[in-house]
Amino acid sequence: MSNTNDADQVNVSRRRMLVNTTTAMGAVGIVGAITPFVKSCTPSEKAKAASSPITQDISALKAGKMMVVEWQSKPIYIIRRTDEMLNNLALSNPKLRDASSNESNQPDYAKNVHRSRDPHLLVMVGVCTHLGCAPGFRPETNASLDANWTGGFLCPCHGSKYDLAGRVFDGSPAPLNMEIPKYNLIGNVLIIGEDA
Ligand code: FES
């Protein structure tokens with residue numbers, strides 16, 4: 001009788017040991033499985049740098065001209081618009097898909113007719129909202145591409161047209177106005193990617 005009790009006792013101890021060992025091994029397995037996942041989630045220095053704000057001196061940018069910088073692997077168009085360009089924006093309104101930019105991607109301070117903090121300075125992600133090509137800057141008002149053309153952007157891939165605030169014309173394959181990134185402007189220093 002006593003032998004049976006001893007045997008039971010041994011069996012119970014073995015089972016506990018097995019359960020504990022299995023649990024511990026499972027935990028090691030889970031930690032082992034999670035560790036590479038956590039490692040892969042940690043942004044590399046390169047990714048951090050790519051998503052960081054960039055600063056650009058725009059003092060050399062002349063009226064009516066565009067400069068392009070790269071931010072988050074995207075071209076950022078910076079255009080110093082003339083008074084004439086600003087006046088021409090109103091002429092585009094009846095021909096635009098979303099003249100008030102209600103469906104567009106832009107910060108609140110760019111939700112106005114010129115889509116910018118400073119009316120003369122357009123800062124925009126230069127990526128067509130159709131399939132992602134880079135529209136060309138066509139500031140001229142007598143372009144052969146359209147008798148009523150008053151300046152804007154023309155996408156070379158499928159012909160989407162945008163005005164000088166990046167608002168898309170009706171009839172273009174692009175569904176939305178081009179995106180305005182968050183940015184700050186301090187004098188002639190533009191900070192792209194940060195607007196605090
Ligand atoms: S990508 Fe611009 S029109 Fe298609």
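Whatever order the structure lists ligands and atoms in, that order sets their numbers, starting from 1. All figures in this text were calculated on a predicted structure; none of them were measured in a lab.
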Shortest non-hydrogen contact between M178 and M124, atoms and distance: CE-CE, 3.5 Å

Heavy-atom closest contact (I58 atom, R80 atom, distance): O-NH2, 2.7 Å

For atom 4 (Fe) of ligand 1, the closest N/O/S atom belonging to H130: ND1

H158 near atom 2 (Fe) of ligand 1: N/O/S under 2.8 Å: no

Metal site atom 2 (Fe) of ligand 1: N/O/S of C157 inside 2.8 Å: no

Verdict with supporting geometry, S101 and Q106, side-chain contact (heavy atoms from CB on, under 4.5 Å): CA-CA 8 Å; S101 294; Q106 75 254 303; 3.1 Å; yes

Side-chain H-bond candidate by donor/acceptor type, T150 with N88, under 3.5 Å: no

Greater than 12 external heavy atoms within 6.0 Å of D108's CG: no

S160, portion touching ligand 1 at heavy-atom distance under 4.0 Å: both

Atoms in ligand 1 with a heavy atom of C133 nearer than 4.0 Å: 1 (S)

Protein contact to atom 1 (S) of ligand 1 [nearest heavy atom, distance to 0.1 Å]: L131 N, 3.3 Å

Parallel, tilted or perpendicular: ring planes of W149 versus F169, cut at 30 and 60 degrees: tilted

Angle, SG of C155 through atom 2 (Fe) of ligand 1 to SG of C128 - 10° precision: 110°

